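Contents: one structure, followed by commentary.
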Amino acid sequence: MRTHASSLLFAAILVFPVALAKAVTVESPTPAFTTRIIKTTYRGWNAYQLTNGIISLFVTPQIGGRIIQMQLGDQEYFFVNKELEGKVLPESQNNPQSGWANYGGDKVWPGPEGWSNDSEWASIPNYVLDGSVYKAEIVKDSPQEVALRMTSPEDPRTGIQLERTVHVYAGTTRIKIDQLMRNISHRQVRWGIWHLVQNDSSDARDSAKPNPDFYIYLPLNPHSRYPRGYYNYYGDVRHPSYELIDGGTMLRIHYLYRVGRVAADSNRGWFAVVNGQKNIAYIENIKYFPNQEYPDGASVESWSDGPGTISRGPFDQHLADDPRQTPYFIEGEVMSPYATLEPGEEYSFPVYWSPTRVTNPIVDAVWAGAISVPLSSEISGNQVTLKGSFGVYVPGTLMAAFYTAKGEVIKQEVLQPADPREVVTLSKTLELPAEAYRVSIFLQDRDGENRGYLGNSIVRPR
């Protein structure tokens, strides 16, 4: 039997109205951005580069099946441990006695973490699932899509095998990572799929310092089981990194190089990781299952690497105030619900990344992109000035559509080119149609297709 989390992720999260007018076709400012997969090296490791000319992923099966780096243009996102660059450590150097070989990048583990019973994963160092060589197989290689599957060795202690398939598509920054957990034992097992990304949080001007403008934005569940919408898993109860904003609907996590871990039963299906120094960000999307049990009681978690002492239950862990031992990174972590698997059964839980150029903060994320400054309209006589700031996922053209109060499309106008590698700053004055009640803006791709709405504004009250 194969059990799947829904692959219709975004249809379940976001539903947009359909424009009634025929799309306005404009000359595309960008080429088609077809996909390629290339065998290469990255910082001394053998790697596969999955690219479409906008984004690139560097995947390293030999060090635990990691996606070691994600790039948007020439901008890199993930933490890579300089102390281990190019190294592939054997189990004798990656175990509980010798310590964890933290290469960086992303990874997938079973959850929950713990040391009190056999229903908890004893965490890293775990050579089989985190440090060993994964089997790699190219499963798709076309101009429209490339995909690489990586499969872990079988782990007798947890009873599972992990499989990951990484997808890059033509003409978009949206990336899909299929994650599968397989019961390879002769007993029933029960785990969640725990996916983690270590984000480079060093100062862009001086890598010996932490980045003072690095944030994660996490929308909270209005019906959360937790009084504040989240809880402090590790670290100070009043940790200064964690702040409620937007009337308590959003958790803002500010990286301060101080150890801490926070967890939330977020139901919005997204969170944003933002490097304000570089004006880069990415949105991670997941499916939330409201009636299912989650490890740690949380769908999203975040670990801030930094100095301090935390309790791991049966033991304390001390992290030194030394960037070589305690590097600058913050993790975005997602959990699937628990999956109870009989021998031979499988469970899958996909995640999606969408990198873009955008300014800090992120106030919302929609299908077309990330919103930093929501759309506004200023009316002067028979003219309207549209303003906003966005990051998009598809190269194309920003369009405006004007509607009557009854929803008829009066007019569509070209606003400006849009590209994921550039912050989209909108400040455009247009003639206001006489019957216009509202205006929306959307992203149109090179084929004239509407790729999603970025904002809506009322331009004339009833």
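The model shown is predicted, which means the values in this text are computed figures rather than measured ones. What you see below is based on every heavy atom in this structure, not just the backbone, and it leaves out hydrogens, waters and symmetry mates. Position 1 is the first residue of the sequence, and the numbers go up from there.
When the salt bridge (charged side-chain N to carboxylate O under 4.0 Å, His left out) test is applied to R261, the partners found at least two apart in sequence or on another chain are E113, D296, E301, E333. Partners of D236 according to the side-chain contact (heavy atoms from CB on, under 4.5 Å) rule, which considers only residues two or more places apart in sequence or in another chain, are H239, R258. Legend: residues meeting side-chain contact (heavy atoms from CB on, under 4.5 Å) with D200, ordered by chain and number and at least two apart, are F79, S202. Residues meeting the side-chain contact (heavy atoms from CB on, under 4.5 Å) test with A47, sequence neighbours left out: T40, Y42, T60. Partners of E422 according to the side chain to side chain donor-acceptor pair (under 3.5 Å) rule, which considers only residues two or more places apart in sequence or in another chain, do not exist here.
Of the possible polar contacts, none joining the D321 side chain to the P307 backbone as a donor-acceptor pair under 3.5 Å is found. Side-chain atoms of N232 never come within 3.5 Å of backbone atoms of Y234 as a donor-acceptor pair (strictly under, hydrogens ignored). Although no hydrogens or angles enter the test, the distance criterion places a donor-acceptor pair under 3.5 Å between the side chain of Q69 and the main chain of F78.
The shortest heavy-atom contact between V358 and I362 is CG1-CD1, 3.5 Å. When all heavy atoms are compared, the tightest approach of V363 to S372 is CG1-O, 3.8 Å. Counting all heavy atoms, side chain and backbone alike, P337 lies closest to F289 at CG-CD1, 3.6 Å. Looking at every heavy atom in both residues, T35 comes nearest to S142 through OG1-O, 2.5 Å.
Taking the charged nitrogens against the carboxylate oxygens, D419 and R421 do have a contact shorter than 4.0 Å, which makes a salt bridge. Residues R66 and D130 are paired through a salt bridge, judged by an N-O separation under 4.0 Å between the basic side chain and the carboxylate.
Side-chain contact between T359 and T425 is absent, with no heavy-atom pair separated by less than 4.5 Å. Counting heavy atoms from C-beta outward, F271 and S266 have side chains that stay 4.5 Å or more apart. Looking only at side-chain heavy atoms (C-beta outward), P355 and I280 stay at 4.5 Å or farther from each other.
Y226 and Y231 have tilted rings, their planes meeting at an angle from 30° to 60° on a 0 to 90° scale.
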Derivation and outcome, side-chain contact (heavy atoms from CB on, under 4.5 Å), residues V108 and M150: CA-CA 12 Å; V108 62; M150 296 179 291; over 6 Å; no

Stepwise side chain to side chain donor-acceptor pair (under 3.5 Å) test for N199 and Y282: CA-CA 11 Å; N199 301 283; Y282 70 94; 2.9 Å; yes

Check against side-chain contact (heavy atoms from CB on, under 4.5 Å), Y169 and N52: CA-CA 7 Å; Y169 305 98; N52 61 14; 5.9 Å; no

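Taking the ring centroids of Y294 and Y288, they lie under the 6.0 Å cut-off.
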Pair up each side-chain donor or acceptor in residues 375-394 with any protein partner under 3.5 Å, not counting sequence neighbours, and list the distances.
{"residue": "S377", "atom": "OG", "partner": "S457", "partner atom": "OG", "Å": "2.6"}
{"residue": "T385", "atom": "OG1", "partner": "T429", "partner atom": "OG1", "Å": "2.8"}

